[in-house]
There are 2 protein chains.
Amino acid sequence: MIDINKISDSTIRRLSKYYRTLNELIEKNVETVSSNEIANINSITSAQVRKDLSFFGTFGRRGLGYNTFLLKDNIATILGLKKTWNVGLVGFGNIGHALLQYQEFKKQGFIIKAIFDSDPAKVGQIIEGVVVNPIADSCEISKETQIEIIIIAVPPKNAQSLVDHFISCGIKAFLNFAPTSLKVPENVLVKNENMSIELEALSFFLTNKA
Amino acid sequence: MIDINKISDSTIRRLSKYYRTLNELIEKNVETVSSNEIANINSITSAQVRKDLSFFGTFGRRGLGYNTFLLKDNIATILGLKKTWNVGLVGFGNIGHALLQYQEFKKQGFIIKAIFDSDPAKVGQIIEGVVVNPIADSCEISKETQIEIIIIAVPPKNAQSLVDHFISCGIKAFLNFAPTSLKVPENVLVKNENMSIELEALSFFLTNKA
DNA sequence: AATTGTGAACCTCTTCACAGCT
DNA sequence: AGCTGTGAAGAGGTTCACAATT
C-alpha cells in the first residue's frame, strides 16, 4: 500500500494532467507513448513523469514506453476514478448553473446528484434531471443520495456556515468556489477553486516583467 | 527593482490570499494585523507570511504588526492591482456566462470589455452592457478596446486555434478554462483553471486515505 | 513583551545520470 | 538502440531562531 503522506500535491495534480493527456492520445488512437512525449505535452521533464509514476508502481516497458490504455487505467485506479462520485451542489447561482452543465465533471465521473439553495424561488426547479432542494432538507437528502463531495458555490459570507452544516451531516470533502478561506476539522478535506488567483498571477507577471 | 525570477509561483499565489484576507479584515474595521494572524487564517506559518513579504520590501513595524490598509495597498502594487485590466472573454457558453457575472473579477479590477463567440445566434446579444462579437472581428475589437488578457471558455478542441489567433492579434496573456493543455511561445503567458483537478485530488485522498 | 525581518538550517521536490530491460 | 525506473545530486522552498525594533 502506498504511503499517502509521501505523495505531494504537485504529483497528484500532474497525474490528473497525465490522465487527460492519455485520454487525448487514446482519442487519437495512439497506443504507445514515452515519458518524454507526455512531458512535452505538459511542458515538464520526462524524469518528472517517470518519478511521479514510480511512487505508485511500474507501468511502462523499458525500451518501449507506456501502453496508453494500460497507463490510463492505472492512473484512474490511483486517482480513484474507477468509480463515480456522488456530488452535491450548494448554491444555484451563475457558477452553480455553469458547474451543473460542465461536461468535464460528468466525464471524469463526478455526478451532481442533488442541488441545494436557500432561495425559495429556485427550490423545486428541475434542471438536467436534478431537483433544487431547500437547505433545510439537505442533510436527509445527502444521506439518501449518498453524497460524498459537496461543491460550495455560494457568496463568501455564507460559505463557512454551510460547510459547518454539511460537516455536521457527515460530509468529509468539499470543493470551494467561494472566494474565502474555510476552517474545517483535520479529518475534513477542502480544496479551493480560486478563479481570481490565476488572473492575479497574470497581473503580477504583466506588471513586473522586464 | 525586484528580480521576478526569484519569486516563486507559490509566493504569488499566497500574496493573493493575503490580499483577500486583508480585504476581509478591513471590512471588519480591523486596522492592525500580525503575520501570525494572517497565517492562521490561511493555515500556514507566520514565517512564511513574513518571508513572502520580505521579497518585496518591509511593510510591518516590529513589535506592532502590519497596518491593514497599508499592507493591502502594498500588495495591490506588487500584484499590479492598482490599475484595472481589460479582459476579453472568448466563448459565451455556460462558463462564459458565469464568468461575466462573477462579481469577484470586477472587484479585483478585471473588467470584461468584450465577448467573442463563433455562434451566430449569440452574436449581437448584449449582456451586462457587453456585446457578443463574432470571432472574425475579434482582432480589431481587441485592439480598439485595448484588451490585455483573454479568457478562454470554449470546448477543448477549439482552444488552441483560438489562442493562436489571439496571439497573432498581439495578446500576451491568457486564462484558460478549457480542459486541454495549450502551447504558446515563450513570451506569452497562460494560466490554467482546471476545475476537475481539485475534484480529482479529493477523489485521490478519499480513495487512498488510511 | 510583542512582533518583524532575515540568514542559516532544514526539508522537499526536481533533475541528473546510468543500470537494467526490451 | 531506445526508454524506463531509480538512487544520488542539486535546486528550491519552508521553517527556525534570533537580533532588531517598537
Side-chain angles (χ1 to χ4, degrees), chain A residues 2-18 21-22 25 30-75 78 197 201 204, chain B residues 2-18 21-22 25 30-75 78 197 201 204:
Chain A
I2 299 141
D3 182 356
I4 198 173
N5 296 310
K6 292 232 168 76
I7 312 298
S8 72
D9 278 10
S10 311
T11 289
I12 298 163
R13 214 167 279 135
R14 282 190 300 266
L15 283 176
S16 292
K17 292 186 185 175
Y18 307 156
T21 300
L22 289 164
L25 290 170
V30 178
E31 289 181 12
T32 303
V33 68
S34 68
S35 59
N36 192 45
E37 290 169 303
I38 297 174
N40 286 341
I41 292 168
N42 292 285
S43 306
I44 55 175
T45 66
S46 64
Q48 183 73 80
V49 174
R50 296 197 301 278
K51 180 64 91 180
D52 284 336
L53 295 173
S54 76
F55 294 122
F56 302 97
T58 69
F59 308 113
R61 295 214 293 155
R62 292 172 194 233
L64 301 176
Y66 303 87
N67 175 285
T68 50
F69 297 88
L70 237 59
L71 185 55
K72 179 198 152 169
D73 196 71
N74 278 306
I75 295 180
I78 295 165
I197 253 179
F204 172 81
Chain B
I2 300 141
D3 181 355
I4 198 174
N5 297 310
K6 291 232 168 76
I7 311 298
S8 72
D9 278 9
S10 311
T11 290
I12 298 162
R13 214 165 280 138
R14 282 191 300 266
L15 284 176
S16 292
K17 293 187 184 173
Y18 307 157
T21 300
L22 289 163
L25 291 170
V30 177
E31 289 181 12
T32 304
V33 68
S34 68
S35 59
N36 192 45
E37 291 168 302
I38 297 175
N40 286 340
I41 292 168
N42 292 286
S43 306
I44 55 173
T45 66
S46 64
Q48 183 72 82
V49 174
R50 296 198 299 280
K51 181 63 92 178
D52 284 335
L53 295 172
S54 76
F55 294 121
F56 301 97
T58 70
F59 307 114
R61 294 214 293 155
R62 291 170 193 234
L64 300 176
Y66 303 87
N67 175 286
T68 50
F69 297 89
L70 236 58
L71 185 54
K72 179 199 152 167
D73 197 69
N74 278 307
I75 294 179
I78 294 165
I197 252 179
F204 172 81

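Reminder, nothing fancy here: chain letters follow the sequence lines and each chain counts from 1. Side-chain atoms are counted along with the backbone in the values below, which use heavy atoms only and exclude waters and symmetry mates. This is a predicted model, so every value here is computed, not measured.
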Side-chain heavy-atom pair [X], [Y] within 4.5 angstrom cut-off:
X: A:Tyr66; Y: A:Leu22; result: no
X: A:Lys51; Y: A:Thr11; result: no
X: B:Phe204; Y: A:Ile4; result: yes

[atom1] of [X] to [atom2] of [Y]: how many Å apart, nearest 0.5 Å?
X: A:Phe69; Y: A:Leu25; atom1: CZ; atom2: CG; result: 10.0 Å
X: A:Ile78; Y: A:Leu71; atom1: CD1; atom2: CG; result: 8.0 Å
X: B:Ile44; Y: B:Ile38; atom1: CD1; atom2: CD1; result: 8.5 Å

Handout entry: Members of residues 53-60 of chain A that approach DNA chain D, where some heavy atom sits under 4.0 Å away
Key =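 Listed by number, they are A:Ser54, A:Thr58, A:Phe59, A:Gly60.
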
inquiry  = Looking only at the side chain of B:Gln48 (C-beta and beyond, no hydrogens), which of the listed nucleotides D:dT22, D:dT14, D:dT4 gets closest?
reply    =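 Among D:dT22, D:dT14, D:dT4, the one nearest the side chain of B:Gln48 is D:dT14.
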
Check your understanding: Which of these nucleotides, D:dT22, C:dT4, D:dG13, is closest to any side-chain atom of B:Ser8?
Key ->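 From the listed options, D:dG13 comes nearest.
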
- request: State, without any angle test, whether B:Arg50 and B:Ser46 hold a side-chain donor-acceptor pair at a distance under 3.5 Å.
  value: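 Yes - a donor-acceptor pair under 3.5 Å links their side chains.
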
Any side-chain N or O of [X] below 4.0 angstrom from OP1/OP2 of [N]?
X: B:Thr45; N: D:dT15; result: yes
X: A:Arg14; N: C:dT14; result: yes
X: A:Tyr66; N: D:dG2; result: no

Do you know the tightest heavy-atom contact between B:Phe59 and B:Leu53?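 For B:Phe59 versus B:Leu53, the nearest heavy atoms are CE1-O, 3.6 Å.
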
**Message:** Does B:Arg50 contact C:dG5 through a side-chain donor or acceptor facing the base, at a distance under 3.5 Å?
**Reply:**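 Between C:dG5 and B:Arg50, which were checked side chain against base, a qualifying N/O pair under 3.5 Å is present.
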
- Task: Record whether the side chain of B:Arg62 comes under 3.5 Å of the base of C:dT4 through a donor-acceptor pair of N or O atoms.
- Result: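 Counting by modelled atom types and ignoring angles, a donor-acceptor contact under 3.5 Å is found here.
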
Expected rows: protein N/O vs nucleotides 7-10 of chain C N/O, under 3.5 Å:
| from | atom 1 | to | atom 2 | distance (Å) |
| --- | --- | --- | --- | --- |
| C:dG7 | N7 | B:Lys51 | NZ | 3.3 |

